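Chain A is the first sequence line, chain B the second, and so forth, proteins listed ahead of strands; every chain is numbered from 1. It should be emphasised that the depicted structure is a prediction, and the values quoted were computed from it without experimental measurement. Just so it is clear, the values below take in all heavy atoms, side chains as well, and ignore hydrogens, waters and symmetry mates.
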There are 2 protein chains.
Amino acid sequence: MLTISQFAATAGVTVRTIRHYHHVGLLPEPERDASGYRRYSAQAAVDLIRIRTLADAGVPLARIDALLHAQPTEFAAAITDIDAELQRKIDQLTDYRSRIAELASGERLVLPPEVVAILDRMRSLGVSELRVRLERDSWILMQALDPHVMPQRIRDKNANFDDPETTRLYLACDQSVDWDPHDPRVDRLIDDMDAWEIKHERDSSQPGYLKLVVSRISEASPAWQRILDALAHRAQRRRTAVPDS
Amino acid sequence: MLTISQFAATAGVTVRTIRHYHHVGLLPEPERDASGYRRYSAQAAVDLIRIRTLADAGVPLARIDALLHAQPTEFAAAITDIDAELQRKIDQLTDYRSRIAELASGERLVLPPEVVAILDRMRSLGVSELRVRLERDSWILMQALDPHVMPQRIRDKNANFDDPETTRLYLACDQSVDWDPHDPRVDRLIDDMDAWEIKHERDSSQPGYLKLVVSRISEASPAWQRILDALAHRAQRRRTAVPDS
DNA sequence: GGTTGACCCTGACCCTACGTCAGGGTCGGA
DNA sequence: TCCGACCCTGACGTAGGGTCAGGGTCAACC
């Protein structure tokens, strides 16, 4: 007969594991010898190995108990089930592996590839990292709060960067980050951007969740703050003069 | 800004998970609004996704905390590490899958293939399932208690079944299970087996752990009990007459 | 302006599958 | 007789949350 540690060793588990299985009723308590030690039969070892085979495969102990007392048919069905679950886990882990590999590269994980492409395009056009990060935050908020507008916004944004005039304006604005707010170039920029908004039938009003992004842009640079305030003011005047149809 | 449930949704986790991360200090507590609700920034969403990417890969939360504050070099090293661990898990799950598939077939899981082959050979020779099971138990005990003798015993056992005379004797003994202990055929069997033991220079003494198996064999059949007792008795007499060299 | 349903808050206990410690008895060999 | 390696029970600890309980908020609709 086997002592508890020999018994545990046949399945490569700890003594504590065995006692736990007794406690939860998964393994029946065996006979005791004269001094109260548990003594295990070879049959118990076979049972234990079956239990561990299932447990290793991730089957909860409570379900193992039921399984071992099930009809062969149900048992076979459950096995098929468990096997499919294992395959699913394997696929998932494989997926996690590829994600882990991308961890170094930041937003690739959190945004759809089209948006990542836009951000990369901005970088390659020479847009500052600060501006790119603000843009990224705005996409993240949009994704969380208003996901159905994303496809349209992606098209718009790409169209903007396809247009050399719009791109020039965007870059000029980006460069104004450390200009003095009263630099005459800022005035020209405001005029140009206002004209652009009129031409493209846009205005500076935004869905509520983007107000935060706008306020962070303003905080980042006094020049930007002046530009945004001026544009909002002019747009407001236009709306008052020509009310919504 | 995001409410806690919107924030949780960006990473596909529950609100409780977010609060748990605050509790353990993995995520910093964000600002609160006027009514005490937590409000999350887009940057927090990026951080959360990074955390979940690691957590999904099985990294303990405590280690994630350290990782996110680590140098890029250490971080990269840890990622390599985690990736290797993932691959190991995938391999293990693949292994469990193949084991699960064998669950129906019993001893294949618990004994080395050579022994399984011996048991299968016994079955194909027509040995009763009862006897096979007793034999299996004896191998299990041997494996747990005296594993280094197994290769030799495997060779011996195969040699026995390679010998037609020994096989005949074994089968005869197996068939005697329900004979009357005083059937004259039992006497002839005892004579034959005793002769066999002398010829092969074996005796019926066993290492302690096999005594149990022998006693279970005896319990299974009165005829077997008589055979074993008689053989042990004769072997004992021989040892007394011709003491160990 | 009242109600309804979907949120949010904290605090506390529950879960699995054991690990670990405390405090004590038992066994086998030197 | 003593030591180290076993064995026993009982109880608490662990990660990563789940799930109440008991209460406040918000927005929309009637």
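Here the range on DNA chain D touched by chain A, meaning any atom under 4.0 Å from one of its heavy atoms, is D/dC6 to D/dA11.
Using modelled atom types, one finds no donor on one side chain facing an acceptor on the other under 3.5 Å when comparing B/W139 with B/Q143.
In this structure, A/L26 places its CG atom 13 Å from P of C/dT16, rounding to the nearest Å. As a whole-Å value, the separation of A/R38 CZ from C/dG25 P is 18 Å.
In this structure, B/Q152 contributes its side chain and B/V149 its backbone to no donor-acceptor pair below 3.5 Å. Checking side-chain atoms of B/S138 against main-chain N and O of B/L134 turns up no donor-acceptor pair under 3.5 Å.
Counting heavy atoms of neighbouring residues, nucleotides and ligands inside a 6.0 Å radius, atom NE2 of B/H22 exceeds 12 of them.
Under 4.0 Å is where a charged nitrogen must lie from a carboxylate oxygen, and between A/R99 and A/E102 no such pair does.
Between B/R19 and the phosphate of C/dA12, there is no side-chain N or O to OP1/OP2 separation shorter than 4.0 Å.
Using a 4.0 Å cut-off on heavy atoms, the residues of residues 5-16 of chain A that approach DNA chain C are A/T14, A/R16, listed by number.
Map A/S35 and A/A62 each onto its nearest nucleotide of DNA chain C; the residue landing nearer the 5' end is A/A62.
In this structure, B/R63 reaches neither bases nor backbone, as no heavy-atom distance under 4.0 Å exists between it and the strands shown.
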